[in-house]
Student: 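Got a structure here, written out as structure tokens. Questions coming.
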2 protein chains.
Amino acid sequence: MVASTLAEVARLAGVSPATASRVLNGSARKPGEDIAERVRRAAESLGYIPNAQAQGLAKSSSGLIGLIVHDIADPYFAAIARGVQEAAREQGRMVLLATTAGAPVDEREAVAAFAARRADAIVIAGSRSARPGDKDGNLELAAELDRYCRNGGQVAVVGHAVVGASASDGYHVVPVPNEELAAGLATELAASRDDRFVIIGGPEGLFTSDDRIRGFQRGLASAGLPAAEVIRTDFNRSGGFEAGMALAAQIKASRTADTARADTGRFCVFAVNDVMAIGAAAALRSEGLHIPRDATIAGFDDIETLRDFRPALSTVHLPLEEIGRQATRRAGGTLEDGAAAPPITGHVILRRSTVSGPAPERIT
Amino acid sequence: MVASTLAEVARLAGVSPATASRVLNGSARKPGEDIAERVRRAAESLGYIPNAQAQGLAKSSSGLIGLIVHDIADPYFAAIARGVQEAAREQGRMVLLATTAGAPVDEREAVAAFAARRADAIVIAGSRSARPGDKDGNLELAAELDRYCRNGGQVAVVGHAVVGASASDGYHVVPVPNEELAAGLATELAASRDDRFVIIGGPEGLFTSDDRIRGFQRGLASAGLPAAEVIRTDFNRSGGFEAGMALAAQIKASRTADTARADTGRFCVFAVNDVMAIGAAAALRSEGLHIPRDATIAGFDDIETLRDFRPALSTVHLPLEEIGRQATRRAGGTLEDGAAAPPITGHVILRRSTVSGPAPERIT
DNA sequence: CTGTTAGCGCATTCAC
DNA sequence: GTGAATGCGCTAACAG
């Protein structure tokens, strides 16, 4: 790495480094246009590129914003990442990416790495975990974040605060109304009171999953319906598929048991995210079951890429990009906490995968 | 940002900064274990985090690797990004993200920003464009890359070299056999010789799209079939949808024209990527057309999230993550050029969306 | 308005 | 094996 330096530019332009700096970067002090032009020309001819590391060292700020996700290839995170990227661009910052598979230990490491790079802000997009095995990891993560904040860093986390994190200033949470929305979904779905509700959830302790489960159960309850059975599995497509296979067996069994018509006790499945729902649907289909005739199914997130899936998936829309943008703005100082920050909202979307009653004629 | 410094640690440990540095970071010189322990303890108690900016300045290398994509929310890029991230982790580097929507001007800017941050390497994942309007942009991009390489930077670009880039050392290309694979797909599809082939392509000048179109036409030709009509549209889902609507009209028109049976001159659509194919399929469906009965369709990429789409999409599998990994390894010096680098390969996957002959009975 | 000076935090020559 | 200098490239106080 042998690039030309500001000093060289200054020399070539016949000015001092300070003046060159003032010209080339936005400074309060404006040098004369004549000299400025000379500097610019010199910089151009030398192909001068400012050394951001040195700038950062001098100003002690880096123009970097760290983003932590479980998996960047997961469309949920990819969508949030787009929002983060967008907002970062507005702020004139670049985004540093870290993927952690949701392991607090890795997250701690990522935070430390961001801190080492003196990232101006950190956005944690991945769901928090309260699983027993993650307890220590969470504590360390909280400590690391705390230290980062004490050193002037800004943190925004999507959904819930990190377990054990003490609310210092510079620590922001972008609340996502998972529970309320899941309750709303349940309310809508509860119209078909004869259904047997089943929830396909992620591992216990994953906040996002738990919130959605809790909300759904609450919605069911307030509709006077019994709580749904909960199947725990991985928070991804494979998990959904596995649970779907188990469900298929259950459905078939219940069919042979009561020789009643299929529409009595039809299963209504709520998978806590779209990707799991798609997996479950694939499993049911592979077992010869038809949606929504033999079972209805709903997801959560309204992932864009999945909207062309058929039967169209009922789900809860979440403004993923906006969540990413807002988290970034909160952390980046572009947005104040409180009133100025429009709360994240979503809405239930009912589509073909949960049409109630007997299945209509085939519609492509 | 007021973190504790190496000097503070050294003072607390009662040693010189030099020694502290040697202990805390891997240096050739190994201080005595007794003193080393003191330093480590001091660092721990102070919550010392090395300042990567300063380290970078001193060593002139940053541990950063820049990634340029069109859109991180596009599953194609997201998958590549995962591979890049993985490889970067192996190298102990972090990835810096930039999204450019494929505009060479923005790409140039991103490269400059990466260069400013003294990124050790840059991976350009987005397809190259040779559109007239991008000509100047490409030249500037090439110049910027050239400069970056001359200064010791490493560049890896997926697919094709940047237009106008002079092959300096440090400039690597990960070839993707788009053309060959598309030809292979055409060959397989050509079995149903009575089909009318149509290609839904991206804008002219987009290399990835053009390669796939060219390959497909070649495959058709070598099967003794006439060239397919090419519909140009945007390289995304919307583009596919639009083209699909146009196609639907065409199909309906051709039906009323010749009162022959539908299987005569059935349309076989090749969309140059999966996302476009899905869009086109959605359009056909919305017009009451059924796949594969009224038209067959194939895509390209084998996007993971789209595999549960029904009818299952015939496509060409590309090892996206591997592509990302390999590009990163090439650029990161973990992999030599030439023999050591296993070439990227893919393979045709035929699924229900292109079953030949009359549509089978409904299968879910 | 311009130039001079002094660090930012660290790695790395050198002497000891 | 350890410590004392020096410089990485730049910005921000100062002075002129």
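Worth knowing before you read on, the calculation uses all heavy atoms, side chains too, and leaves out hydrogens, waters and symmetry mates.
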Student: Using a distance-only criterion (donor-acceptor N/O pair, under 3.5 Å, no hydrogens), is the base of C:dG3 paired with the side chain of A:Arg22?
Tutor: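 Such a pair is found, so the answer is yes.
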Student: Provide, to the nearest angstrom, the distance between the CG atom belonging to B:Asn51 and the C1' atom belonging to C:dG9.
Tutor: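 Going from B:Asn51 (CG) to C:dG9 (C1'), I get 6 Å.
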Student: With B:Gln91, which residues qualify under side-chain hydrogen bond (donor to acceptor under 3.5 Å, both in side chains), at least two apart?
Tutor: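 Scan of B:Gln91 (side-chain hydrogen bond (donor to acceptor under 3.5 Å, both in side chains), adjacent residues dropped) gives B:Arg93, B:Thr334.
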Student: Measure from CZ on B:Arg117 to P on D:dC10 and round the result to the nearest Å.
Tutor: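 Taking atom P of D:dC10 as the reference, CZ of B:Arg117 is at 14 Å.
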Student: Of the listed nucleotides (D:dG7, C:dT12, D:dG9), which one gets closest to any side-chain atom of B:Lys59?
Tutor: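 In terms of side-chain proximity for B:Lys59, the closest of D:dG7, C:dT12, D:dG9 is C:dT12.
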Student: Return whichever of B:Ala58 or B:Ala20 has its heavy-atom-nearest nucleotide of DNA chain D closer to the 5' end.
Tutor: B:Ala20
Student: Picking from D:dT11, C:dT2, D:dG3, which would you name as closest to the side chain of A:Thr19?
Tutor: C:dT2
Student: Determine, for A:Asp146 against A:Arg150, whether the closest basic-nitrogen to carboxylate-oxygen distance falls under 4.0 angstrom.
Tutor: yes
Student: Compare the minimum distances between each of D:dT11, D:dG7, D:dG9 and the side chain of A:Gln55, then state the nucleotide with the smallest one.
Tutor: D:dT11
Student: For the side chain of A:Asn25, starting at C-beta, report the closest nucleotide among D:dC10, D:dG3, C:dC10.
Tutor: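 Looking only at side-chain atoms, A:Asn25 lies closest to D:dC10.
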Student: Which residues pass the side-chain hydrogen bond (donor to acceptor under 3.5 Å, both in side chains) test with B:Thr19, sequence neighbours left out?
Tutor: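 B:Thr19 satisfies side-chain hydrogen bond (donor to acceptor under 3.5 Å, both in side chains) with B:Ser16 only.
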Student: Using a 4.0 Å heavy-atom cut-off across all strands, classify B:Pro50 as base, sugar-phosphate, or nothing.
Tutor: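 If one applies the 4.0 Å heavy-atom cut-off, B:Pro50 turns out to touch the sugar-phosphate alone, with no base involved.
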Student: For A:Gln53 and D:dC8, what is the distance between atoms CD and C1' respectively, to the nearest whole Å?
Tutor: 10 Å
Student: Atom CD1 of B:Ile35 to atom C1' of D:dG1: distance rounded to whole Å?
Tutor: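 Result: 10 Å.
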Student: Of the listed nucleotides (D:dC8, D:dC10, C:dC10), which one gets closest to any side-chain atom of B:Leu57?
Tutor: D:dC8
Student: Starting at CG of B:Leu6 and ending at C1' of C:dA11, how long is that distance when rounded to a whole Å?
Tutor: 9 Å
Student: Can you tell me if B:Ser21 touches the phosphate of C:dA11, counting only side-chain N or O atoms and a distance under 4.0 Å to OP1 or OP2?
Tutor: yes
Student: In whole Å, I'd like the distance from the CZ atom of A:Arg11 to the P atom of C:dG3.
Tutor: 14 Å
Student: Output yes when at least one side-chain N/O atom of B:Thr5 is less than 4.0 Å from OP1 or OP2 of C:dG9, else no.
Tutor: no
Student: Over 60° means perpendicular and under 30° means parallel, so classify the ring planes of A:Phe207 and A:His160, tilted if in between.
Tutor: perpendicular
Student: Quickly work out the B:Ile49 CD1 to C:dG9 P distance and round it to whole Å.
Tutor: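 The answer, rounded to whole Å, is 14 Å.
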Student: Salt-bridge test for B:Glu37 and B:Arg41: reply yes if a basic N is under 4.0 Å from a carboxylate O, no otherwise.
Tutor: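 A salt bridge links B:Glu37 with B:Arg41.
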